Amino acid sequence: MREIILKAVANPPKILWGPFLPTMLNMGIQFPIMFMSLGTFDVNPLFFMMTVVLGHLFCIVLGIKEPHISAMIQAYGQSAKTSHNLYKVKGNKFAP
């Protein structure tokens, strides 16, 4: 095998020591909430910076515990689709 492939599998992508997908979800959820509350309620932005840092620390701990959490989330998103049964039975039955 080539070294590039082994390195990609052994070292999943990270952003500031946190796994890629949970870190991007953290920023993608908290930044719009921060800007909306700044515009509507005139909230102190320091509060939101603390929550972003705490959320990122949680993502780092999650990445230390399970380094491939981003790949697991992506795999779950692709495999969690339900099938439509042709016959009314309990569970998923793949009958033609």
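Since the structure is predicted, the reported quantities are computational estimates derived from the model, not experimental observations.
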- Message: Can a donor-acceptor pair be found, under 3.5 Å and without considering hydrogens, that links the side chain of Ser37 to the backbone of Val43?
- Response: no

- Note on the structure: Smallest heavy-atom separation, Ile73 atom then Pro22 atom, equals CD1-CG, 4.2 Å

- Message: Do Met27 and Phe20 land in one hydrophobic cluster if side-chain heavy atoms of ILVMFWY residues count as linked below 4.5 Å?
- Response: yes

- Approximate separation, where rounding is to 0.5 Å, of Met72 CE and Ile69 CD1: 4.5 Å

- Could you tell me the separation between the CZ atom of Phe31 and the CG atom of Asn26, rounded to the nearest 0.5 Å? 8.0 Å

Let me have the donor-acceptor pairs involving side chains of residues 45-66, under 3.5 Å, with sequence neighbours excluded, atom names and distances please.
residue : atom : partner : partner atom : Å
Thr51   : OG1  : Gln30   : OE1          : 3.1
Thr51   : OG1  : Phe48   : O            : 2.7
His56   : NE2  : Leu16   : O            : 2.9

